[in-house]
Amino acid sequence: MSWSLDTLPPELFRYILAYLSPEAASALAQTCRKMNAITHDDKIWQQYFFQRFTYVVRKIDYSNEEYLSSIAQKPFKLPDGYTWQDCFIERSFQDKHIRSLLNEIISTRKHRIHNANLISSTYGLLALDAFKHYFPPSPHASKSISLDSRNLTREYYSLEIARLISRQAGLALLNDMKTRQNIPTEGKALLNALFIIQCFHPDGILLQLTRLHAIGKRLVDDPMFSTLNLTEKCQLILTTMKNESFLPANGSTEYYDISNSFLFSTFHGKPTIPLTLVSIFCALAEECDLIARPLGLPGEVMAQVYQTSASNDTPSVLIISVFDGKIMTLDEINDRLADFLDEPLTHPLPVTSILELISRSARNMINSITQYPTSSLNSYGLYAAVCVLKRLGAGALPFTFDSMMHVLKEHFPMDIHLFDILASPLGTNADDLQRIQEQDANPPIVELKRREDPSPKYFIGQIFQHLQYNYWGVICGWDSSCMASPVWQIRMGISNLTRGATQPFYHILADDSSRRYVAEDNIDTLAFTCIENEENKLAIFRRLCAADSIGKQFERLDMANAKFIPNLELREEYPDDFA
């Protein structure tokens, strides 16, 4: 009995096609009429579409009904006259254009800001599907990628443009929130308000909140849950939060850590502040069909949980200090706040509005920046706080206009829309914007750094250990002598060094992502080669590759020679280092 592929039933072919790539299915369609007909099954192309594409909308509209992080990824209805194959082909062409613009951004400084904003404004969240393949691997990723096979420059610009898209999404959501009336102050609405601030975090809009839905479902599906009274249900939610590592910050160092104002840290097990804990509690309460709203108090935020069906032995409202993990009476609260209240609180207690909560979060970030001005997240926190306070009209900006613009220009050079947000009292924004756009269209010529006798001892891309502070770093640039200001030199004690300010100084990127200016006397490049344990060497490689802006200067890691390979721009600036 003869047998061939042609004798197989179409249903079996469709099953096989599910394991092929869309490109392979398209190639198969060219072989014969039967294959062409089978591969046009739209159910197969629907499967292909959702296997490849996560984001289905360009922008998110504010919602009280569902988590904002899920809106951009939920299933959608096909437009009239469209097939899933049509949608797949359209998105594939869009991805091709996005990758083309990304290649231009990587290969030339010309129109870099323009192209980044073109991607953001044209494709929005859809561009994240093109970039996600280039993002740096997560520390928790199931598949490990060898460090020396990663294109660090492509990773850097993909992530930077994704962050630009996320920040612009945050701004749009702030505008949307401001124009809405009567936003409910409970449940998902609270988490969504903090998610808007999360959009300004380095991991931005990529954070998922659906974990709360899974936790709530697990609680409600337990047959015992329906037998509990309101107090017992609240206690169970508090216990569950503790078990899920939603924990209170301990001590001033944790409390004023700016990462506490971003949901990303909280959802990754970092202890956090009352406002964030209350928002999570209220969201979980809603998942459990309870009504919980925030109560803003001096120095603290608590939760009010309402009894939907009143009974004689259960209070109509429970006041919960989520931070302390306990239910409190009104007398206890009045005793705690006696030094801050003009008169004791009485029922009914006021509900703090969404706009006040998000503004309070912005002020918390400003306090954190003031307390700990060296945090790597401070620029992101300043950006978020400024946008919230300006967009919502929630108070004066925290620092002088010039100082804020200096920080934001330095850390977010692609965000030209900042000039619309921060309207200068002197009206200089239009001039600044025009200057940036002109330099983007015609980048200034890079001043070449030639090696002349006596030349610096070390080269771009070398890995070293600081002789005094022991951190690891990579050399990103050099000066033949110290070019820092006299004030900086005095503060850093440069005159105490053996060769003082006349020796070469190096621009370096440290393994904590900080940028520093280091004297040649303090650089030890032999320390790395002296390490015998290969795992210890690998750990140093990993920390340096994880530095936030490593890809801005370096294309890849050369593990065999223990150095980073600079990208084209750096090679052009320091031509003698790579002769």
Side-chain angles (χ1 to χ4, degrees), residues 5-6 8-63 65-105 114-135 154 157-159 161-162 164-166 168-169 172-173 176 204-206 208 210:
L5 283 175
D6 196 50
L8 291 176
E11 294 79 9
L12 184 55
F13 264 113
R14 293 189 183 97
Y15 180 79
I16 295 172
L17 284 174
Y19 292 91
L20 296 181
S21 69
E23 292 76 16
S26 296
L28 183 63
Q30 308 302 313
T31 59
C32 66
R33 291 180 180 177
K34 182 176 181 180
M35 293 298 105
N36 186 279
I38 291 173
T39 56
H40 274 76
D41 186 332
D42 215 35
K43 289 184 178 179
I44 293 172
W45 285 98
Q46 182 183 18
Q47 182 175 331
Y48 286 155
F49 184 92
F50 286 108
Q51 282 176 348
R52 179 160 297 184
F53 303 113
T54 302
Y55 294 88
V56 297
V57 293
R58 286 177 169 82
K59 63 183 289 290
I60 299 175
D61 293 321
Y62 185 81
S63 171
E65 305 300 323
E66 53 190 325
Y67 296 119
L68 293 178
S69 62
S70 305
I71 294 175
Q73 302 177 16
K74 66 180 182 181
F76 71 104
K77 184 180 179 182
L78 277 176
D80 292 339
Y82 264 67
T83 65
W84 284 107
Q85 188 174 15
D86 293 333
C87 288
F88 185 93
I89 292 171
E90 181 179 73
R91 286 293 300 274
S92 297
F93 276 115
Q94 290 173 348
D95 275 12
K96 184 177 180 181
H97 184 222
I98 292 165
R99 287 193 293 269
S100 174
L101 291 172
L102 176 62
N103 288 337
E104 285 188 41
I105 289 169
H114 169 79
N115 285 333
N117 281 274
L118 179 62
I119 292 173
S120 180
S121 61
T122 305
Y123 299 108
L125 300 178
L126 301 181
L128 300 182
D129 279 322
F131 292 143
K132 65 186 180 185
H133 305 290
Y134 308 130
F135 288 161
R154 189 169 293 275
Y157 282 108
S158 297
L159 193 56
I161 300 170
L164 170 68
I165 291 168
S166 182
Q168 292 187 348
L173 287 166
D176 198 0
I205 209 165
L206 302 176
Q208 289 297 311
T210 49

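- For Tyr134, the ring-ring contact (aromatic ring centres under 6.0 Å, His included) criterion is met by no residue, not counting sequence neighbours.
- Under the 3.5 Å distance criterion, the side-chain polar atoms of Ser166 are matched with a main-chain donor or acceptor of Ile205.
- Considering only residues two or more places apart in sequence or on other chains, Lys43 meets the salt bridge (charged side-chain N to carboxylate O under 4.0 Å, His left out) condition with none of them.
- Minimum heavy-atom separation, Ile105 to Ala116: CD1-N, 3.7 Å.
- Annotation: side-chain hydrogen bond (donor to acceptor under 3.5 Å, both in side chains) contacts of Thr31 (sequence neighbours excluded): none.
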Indicate every side-chain donor-acceptor pair of residues 120-131 with a distance under 3.5 Å to a residue at least two apart or in another chain.
residue : atom : partner : partner atom : Å
Ser120  : OG   : Gln168  : OE1          : 2.3
Ser121  : OG   : Asn117  : O            : 2.8
Ser121  : OG   : Leu118  : O            : 3.4
Thr122  : OG1  : Leu118  : O            : 2.8
Tyr123  : OH   : His97   : ND1          : 2.6
Asp129  : OD1  : Thr54   : N            : 2.9
Asp129  : OD1  : Lys132  : NZ           : 3.0
Asp129  : OD2  : Thr54   : N            : 3.1
Asp129  : OD2  : Tyr55   : N            : 3.0
Asp129  : OD2  : Arg91   : NH2          : 2.8

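- In this structure, the side-chain hydrogen bond (donor to acceptor under 3.5 Å, both in side chains) partners of Glu66, at least two apart in sequence or on a different chain, are Lys74.
- In terms of the salt bridge (charged side-chain N to carboxylate O under 4.0 Å, His left out) criterion, residue partners of Asp61 (sequence neighbours excluded) are, by chain and number, Lys59.
- Atom-to-atom distance recorded for Ile71:CD1 and Glu65:CD is 10.0 Å, nearest 0.5 angstrom.
- Counting heavy atoms from C-beta outward, Leu78 and Asp42 have side chains that approach closer than 4.5 Å.
- Asp176 meets the salt bridge (charged side-chain N to carboxylate O under 4.0 Å, His left out) test with Arg180; sequence neighbours excluded.
- Gln47 and Ala18 get closest at one heavy-atom pair: NE2-CB, 3.4 Å.
- A donor atom on one side chain and an acceptor atom on the other are not found under 3.5 Å apart for Asn103 and Ser100.
- Rounding to the nearest 0.5 angstrom, the gap separating the CE atom in Met35 from the OG atom in Ser26 is 14.0 Å.
- Scanning all heavy atoms of the two residues, the minimum distance from Ile60 to Leu68 falls at CD1-O, 3.5 Å.
- In this structure, the side-chain hydrogen bond (donor to acceptor under 3.5 Å, both in side chains) partners of Arg52, at least two apart in sequence or on a different chain, are Glu23.
- To the nearest 0.5 Å, atom OH of residue Tyr157 and atom CG of residue Leu164 are 13.5 Å apart.
- Using a 4.5 Å heavy-atom cutoff, the side chains of Asn115 and Ile119 are not in contact.
- For Tyr48, the ring-ring contact (aromatic ring centres under 6.0 Å, His included) partners are Trp45, not counting sequence neighbours.
- Gln208 and Ser70 get closest at one heavy-atom pair: OE1-OG, 4.3 Å.
- Taking the side-chain hydrogen bond (donor to acceptor under 3.5 Å, both in side chains) definition, one finds that Asp95 meets it with nothing, sequence neighbours left out.
- Within the 4.5 Å cutoff, side-chain heavy atoms of Leu28 are placed close to those of Leu17.
- Atoms CD and CZ, from Glu104 and Arg99 in turn, are 14.5 Å apart once rounded to the nearest 0.5 Å.
- Qualifying ring-ring contact (aromatic ring centres under 6.0 Å, His included) partners for Tyr67, counting only residues two or more places apart in sequence or in other chains: none.
- Once rounded to the nearest 0.5 Å, the distance linking OH of Tyr62 with CG of Leu173 reads 9.0 Å.
- Applying the ring-ring contact (aromatic ring centres under 6.0 Å, His included) test to Tyr19 and every residue at least two apart in sequence or in another chain returns Tyr15.
- Summarising the local packing, CZ of Phe50 is surrounded by more than 12 heavy atoms from other residues, nucleotides or ligands at distances under 6.0 Å.
- Taking all atoms of both residues into account, the shortest heavy-atom contact from Arg154 to Ser158 is O-OG, 2.8 Å.
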